[in-house]
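Every value quoted in this text rests on a predicted model; they were computed, and no experiment measured them. Below, read A as the first sequence line, B as the second, and so on, with proteins coming before strands; counting in each chain starts at 1.
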Amino acid sequence: GHERGDGFAGAGAGKRAEAPAYPASERVMEPLYRPEGVEERWQRTWEEEGHYNADPDPKRKSFAIAHPPPNVTGDLHLGHALQLSLADTIVRTRRMQGYNVLFQPGFDHAGISTQNAVEKHLAAQGKTRQDLGREAFVELVWEWLREYGGKIMFQFRRIGASLDYRRERFTMDDAYVRAVMRFFVHLHRKGWIYRANRIINWCPFHQTALSDLEVAHEDVDDVLTYVRYPLADGSGSITIATVRPATILADVAVAVHPDDERYREVIGKEAIVPVVERRVPVIADERVERDFGTGALKVTPGHDPLDYEIGRDHDLPELTVIGADGLMNDEAGELAGLTQEEADERVLAWLKEHGQLEKRESYRHTVALCDRCKTRIEPRISLQWWCAMDELKKPALEALRAGRVRYHPESQHRFAVESLEDAPDWNISRQIWWGHQLPVWECPDGHLTVEETEPEACAECGSRELTRSTDVLDTWFSSALWPFATLGWPDDTDDLRTFYPGDLNTTARDIIRLWENRMIFSGLELMGEVPFRDVVIHSLVHAPAGGRMSKSLGTGMNPLALIETYGADATRYGLMKMASSQDVRFSEGAIEEGRKLANKLWNVARLILQAAEGAEPDERPKTLEERWILARLSQAQRDAERLLGEFDFSHLVLELYRLTFDDFCDWYAEAIKPRLYDGDADARATALAALERLLKLLHPAMPHVTEEIWTNLPARESRLIVAPWPEAGDEGEAGALQRVQEAAATFRRSGVLVPLEGEEERIFEVVVKPERQKANGNADAERERLQGEIARAEAMLANDRFVQSAPAAVVEAEREKLARYRRELDAISG
RNA sequence: GGGCGCGUAGCUCAGCGGGAGAGCGCCCGCUUCACACGCGGGAGGUCGCUGGUUCGAUCCCAGCCGCGCCCACCA
C-alpha cells in the first residue's frame with residue numbers, strides 16, 4: 001500500500017509527453033544566465049522524453065548504478081547531493097557514450113532510524129509508541145513515508161539526477177519483502193542463521209538489540225568509585241574500581257591478572273560482595289588490565305561484555321539486576337524499580353556506612369550510546385538471531401583480494417578487507433516495530449518453523465497454533481540485497497540479466513562495513529557475482545567552521561537552498577570541486593565558481609551564436625588558433641575520460657573550468673572575434689563545431705546550462721543528453737597547441753609579444769588589447785625577473801653534478817628554459 | 001590504543017623531487033558591440049616544526065606539534 005511520490009506535478013512515471021515546444025528562435029539569450037525555470041524545465045523534459053529510462057536491450061552494452069537509497073524520513077543533505085552529482089556525472093557520460101544506462105532510485109525503510117524519527121514526532125505530542133500500539137504505530141510510519149518519500153525524489157530530480165524514476169523501489173515493497181524473506185530462509189537452510197543467548201548491545205529507549213555497528217561512542221565525565229570487598233577468610237580485603245556501583249549487586253567474582261604480584265596470595269580465596277553480602281571467588285584472568293584502577297576487576301557477566309566473556313570461561317553464573325527498561329529489576333531486591341542513578345546512590349550510602357568506600361575520583365572515558373537516540377547502551381544478555389559470517393565472508397574476501405571489487409581511493413580497500421576479515425557474527429534481530437518481521441513461527445511447544453510465508457503447521461509437531469516472531473530484521477539485512485532485489489530477484493528477470501552485475505557504487509566511508517561489504521557477500525551468495533566493480537568512497541563535507549554538518553548542531557546546509565540561489569549546475573560543480581580529499585570543508589565560493597562557469601559558457605555561446613546566424617558547424621580548422629582549440633578540446637576530452645576513470649571529480653571540474661575560461665574564452669574566442677565580426681564563414685563554422693565539443697564535455701557535470709545552449713544551436717535534432725560523445729579526438733596539432741600555450745604563458749607573464757617562429761603572427765595581433773600594450777611599462781620589473789631566472793638557470797647548468805646526475809630530459813628542459821628566458825629578455829630590451 | 005586523512009597566499013583548496021599555483025577576497029587600470037556575475041595588471045607565502053636522504057626537498061624518509069573522521073570491552 002505504498003503510494004509513489006511524484007516529484008513533479010504532471011510528470012507521471014513513465015508518461016511520455018509530446019516533445020516540448022522550445023524552438024530556438026523563440027528563446028532570447030540574455031546576457032545573464034539564469035538557471036531558475038530552465039533547470040526544472042529540462043529535468044521535466046528529459047524525464048518525459050524517456051531519456052532516463054533503462055529498459056533491457058540485448059543489443060546494447062549496459063551500465064548500472066544502484067544508487068544508495070536514502071532514509072525516507074530524511075531531508076536531502078549535502079552528502080546526498082554530492083553523491084548524486086558524482087554518480088550522475090558518470091551516468092551521463094556513459095549515456096552519451098551509448099551505454100544502456102540504469103541509474104536506480106529508491107528508498108530504505110531504515111528501521112530504527114525511521115522509528116526514532118516518528119517517535120520523536122509523537123513525543124512532541126506527548127505520546128509514546130506504546131500509547132498507539134504496534135499496529136497503529138506502523139500505520140503512522142506508512143503515512144510518514146507517503147508524505148516524505150515524494151519530497152525526497154523531488155529533491156533528487158531537482159539536482160538533475162538522471163535516475164529512472166519509473167523504477168523507484170522501496171525496501172518495504174511487497175516484492176522486496178519477498179526477497180528479504182527468501183534471503184533469510186536461504187541462510188537459515190544453510191545453517192548460517194541461528195538463535196543464541198548472548199550479551200548484546202541493548203537500547204533501553206528503543207528496547208531493542210543493536211549490532212556493534214549501530215553503537216556510537218562518546219567521551220563523558222564520570223566518577224570512578226573504589227570499593228573494598230572484604231575477604232571471606234578475614235585475611236583482609238581487595239579493592240576494585242567501578243563507574244557503575246549499582247551493578248555490584250550482580251557481581252559474581254573478583255578477577256585479577258594471573259601475573260600480578262600484588263594479588264598472588266588472594267587468588268582462589270573468596271570475597272564478599274557489598275550490599276548483597278554474597279561470597280564470590282577471586283579468580284585470575286589475563287584480560288584484566290593490571291594498570292587500571294587497583295588492578296582488580298569486579299566481574300558482572302550480566303552487565304558488561306568483557307565480564308560476560310570472563311564469566312563464560314570461568315563458568316560463573318550470570319546475574320541480572322537491570323531490566324530491559326534500564327531500571328533496576330526484581331533481582332535488585334529493595335532497589336527494584338529505581339533508576340540506575342538512584343541505585344548508585346543507595347549503594348554508595350551503604351558502602352559509606354560500612355566503611356567500604358575507599359575513594360571516588362573523577363574519570364573521563366568513552367561510553368556506548370544508541371546511534372539514533374543517544375541513550376546509553378545497556379549490555380544485556382538476550383536471546384537473539386545471528387548470522388554466521390565465517391562462510392559468507394570467504395568469497396567476498398576472495399573477490400576483494402582479487403580486485404574484482406575495487407575501492408577508490410585505494411586506501412579504503414584495505415580497510416574494507418580488514419573490517420570484513422574481522423566481522424563477527426551479525427546480530428540481525430531487533431525488537432523494534434518498524435521493519436521486516438522475521439519469517440519465523442513458533443508453536444505452543446516452542447518449536448520454530450522458518451518459511452518464507454506463513455506455514456500451515458509447525459514443522460516439528462504439526463501444531464496449527466503458530467505465532468509469528470515479533471522481532472524485525474536489522475535494516476541492513478534488507479539493504480544488502482539492494483543491487484538485485486531492485487531488479488526483481490528472486491525471480492529470473494530480464495532486468496537482472498541486463499543490469500546485474502552493476503558497475504559502480506558511491507558511498508561515504510562510514511557505510512563500508514554496514515553496507516558495501518554486506519552487498520558484496522550477499523551478491524556473491526545469491527547471484528554468484530559481485531554487485532559492482534568499483535566503489536567510490538566520496539568526501540565528507542564538513543561545516544565551513546569545521547566539524548560535522550548536522551541539523552541538530554545548526555551546521556546543516558540545505559542543498560535545495562543552494563540550488564535556488566546558484567542553480568543545480570553550479571551546485572553540482574561546487575560539490576564536485578570540494579570532493580578532493582576525504583574530509584573537506586564546505587565552501588560556498590566553489591559553488592559560486594560553478595555559477596560563473598555556467599554564465600561564462602552562456603555568454604561565449606551568445607557570442608558565437610549571434611555571429612554565426614545561419615552557419616553550419618564544420619570541424620575542419622583553417623587557422624592556427626582553430627587547429628589549436630580543436631586539439632585542445634581533444635586533449636581535454638582525453639583528460640576528462642581519464643579523470644572520470646580515476647573518479648577524480650575535483651580535478652575533472654578544474655580541468656573543465658580551465659578549458660572554458662582560459663583556453664576557449666580568453667584565447668580562442670578572443671582570437672576569432674575579428675573574423676567573426678567580419679563575417680568569416682570558416683570562423684563561424686569552426687566556432688560552432690568547437691562550441692558543440694565544449695558543450696558535450698561539460699554536459700555530464702553541468703547538464704542544464706549545456707542542454708539549454710544546445711537547443712539554440714542551429715539544426716540540433718537530438719538532445720544533448722543523448723548526443724554522441726565525441727570520438728577520441730585528433731591531437732595532431734599538439735605542436736600548435738604547445739607553441740600557442742608556451743607563447744601564451746610567456747605573453748601573460750611579461751606582457752610582451754613573442755613572435756612564433758614559422759607561424760602567422762596574426763593570432764597575437766588579434767588577441768592583443770590596448771591594456772596589454774600598456775603593460776610594457778612594466779618592462780623594468782620583467783627584465784629584472786628574467787635576469788634572475790637566467791642567472792639561476794646558468795648556475796644550475798654550470799653545476800656538473802646536476803648535469804651528470806639529473807635525468808637528461810630535465811637538463812634539456814633547463815637548457816630550453818634558459819634559451820627562452822634569453823629570448824624574452826632580448827624581446828624586451830630589443 | 002588502532003586505522004585513514006589533513007596542516008601551502010587573508011579564506012577554501014590544487015601541486016607532491018628541478019621556475020611556489022587557482023578561485024574568492026584585497027589594490028590599480030579598463031562600461032568599445034559575449035559576459036563589469038566581465039577583462040587586464042598587481043600586492044600577498046621562511047609550503048606546521050626538527051632532523052635525514054639527494055647535486056637539489058613544499059614534494060621522499062623519520063620524529064615531533066596541531067586538527068578532523070572512523071574504529072576500539074581499561075571496568
Side-chain angles (χ1 to χ4, degrees), chain A residues 29-33 199 212-213 217 224 240-244 247 255 287-293 295-300 304-310 363 365-366 368 379 409 411-412 414-415 418-419 422 508-510 512-513 537 539-540 542 544 546-548 577-578 580-590 592-593 595-596 598-611 650-651 654 657-658 661-662 665-666 669-670 673 676-677 748 751 769-772 774-775 777-778 781 785 788-789 792-793 796 799-807 810-811 813-814 817 821:
Chain A
M29 289 189 74
E30 297 166 7
L32 176 62
Y33 172 65
I199 195 156
D212 292 345
L213 303 184
H217 296 268
L224 194 58
I240 57 87
T242 181
V243 288
R244 303 181 64 193
T247 64
R287 284 163 286 196
V288 177
E289 291 288 335
R290 275 173 282 185
D291 299 336
F292 186 88
L297 167 72
K298 72 192 257 313
V299 181
T300 322
D304 183 274
L306 173 65
D307 296 13
Y308 177 80
E309 299 289 328
I310 293 176
Y363 174 55
H365 66 144
T366 57
S411 57
Q412 298 304 324
R414 210 181 91 220
F415 172 70
E418 284 173 2
S419 49
D422 296 343
R509 211 158 67 253
D510 52 344
I512 291 176
R513 303 187 315 159
I537 303 299
S539 316
L540 243 33
H542 290 173
R548 267 203 111 124
K577 179 93 190 280
M578 285 177 237
S580 49
S581 86
Q582 78 178 22
D583 302 307
V584 130
R585 286 197 188 179
F586 178 77
S587 132
E588 202 150 341
E592 173 66 16
E593 193 177 310
R595 216 204 76 221
K596 287 191 175 172
N599 191 243
K600 194 71 174 173
L601 259 185
W602 181 251
N603 275 294
V604 80
R606 289 180 67 221
L607 168 72
I608 292 169
L609 289 172
Q610 283 166 14
S650 92
H651 284 102
L654 183 66
Y657 184 92
R658 291 200 165 139
F661 266 82
D662 299 352
C665 295
D666 292 354
E670 292 299 335
K673 242 183 206 174
L676 239 32
Y677 292 147
R748 286 208 175 144
K769 293 174 178 173
E771 306 86 56
R772 293 194 177 184
K774 265 194 262 172
N778 209 16
R785 188 188 72 82
E789 297 291 4
R792 187 196 56 78
M796 234 161 113
N799 181 341
D800 284 346
R801 275 193 289 190
F802 164 69
V803 175
Q804 279 152 26
S805 56
V810 170
V811 177
E814 203 55 42
K817 278 183 207 164
Y821 293 143

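Within the 4.0 angstrom heavy-atom criterion, base atoms lie near Arg509(A). Among the atoms of the strands shown, only primed sugar atoms or phosphate atoms (P, OP1, OP2) are found under 4.0 Å from some heavy atom of Tyr657(A). Among the heavy atoms of the strands lying under 4.0 Å from Gln412(A) are primed sugar atoms or P, OP1, OP2 only; no base atom is included. Across all strands, Arg414(A) comes closer than 4.0 Å only to sugar-phosphate atoms, never to a base (heavy-atom distances). Among the atoms of the strands shown, base atoms are found under 4.0 Å from some heavy atom of Ala241(A). Among the protein residues, Arg244(A) comes within range of no part of the nucleic acid, since none of its heavy atoms lies under 4.0 Å from any strand. Note on Thr300(A): nothing from the nucleic acid sits closer than 4.0 angstrom, heavy atoms only. Using a 4.0 Å heavy-atom cutoff across all strands shown, Val243(A) reaches sugar-phosphate atoms only and no base atom. Residue Val288(A) is classed as a base contact, given a heavy-atom separation below 4.0 Å to a base.
Look at CG on Leu601(A): it is 15 Å from P on rC35(B), rounded to the nearest Å. The CG-P distance, from Leu540(A) to rC6(B), rounds to 15 Å in whole Å. Atom NE2 of His217(A) is separated from atom P of rC70(B) by 11 Å (rounded to the nearest Å). Atom CZ in Phe415(A) sits roughly 13 Å away from atom P in rG3(B) (whole-Å rounding). Distance Glu588(A) CD to rC11(B) P: 18 Å, rounded to the nearest Å.
Residue Cys665(A) has its side chain nearest to rA34(B) when only rC13(B), rA72(B), rA34(B) are considered. You'll find that the side chain of His542(A) is closest to rG68(B), out of rC13(B), rC35(B), rG68(B). Here rC39(B) is the nucleotide among rC74(B), rC39(B), rG3(B) with the atom lying nearest to any side-chain atom of Lys600(A). Of the candidate nucleotides rC74(B), rC24(B), rC13(B), rC13(B) has the atom lying nearest to any side-chain atom of Ser580(A). For Glu289(A), counting side-chain heavy atoms from C-beta on, the closest listed nucleotide (rA34(B), rC74(B), rA72(B)) is rC74(B).
Under a 4.0 Å N-O distance rule, the pair Lys673(A)/Glu670(A) qualifies as a salt bridge.
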Dot-bracket notation for RNA chain B, counting Watson-Crick and G-U pairs under 3.5 Å, with | for partners on another strand: ((((((((.[[[[.)..(..]]]].(((((.......))))).....[[[[[..)....]]]]])))))))....

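The closest side-chain donor-acceptor pair between Lys577(A) and Ser587(A), if any, does not fall under 3.5 angstrom.
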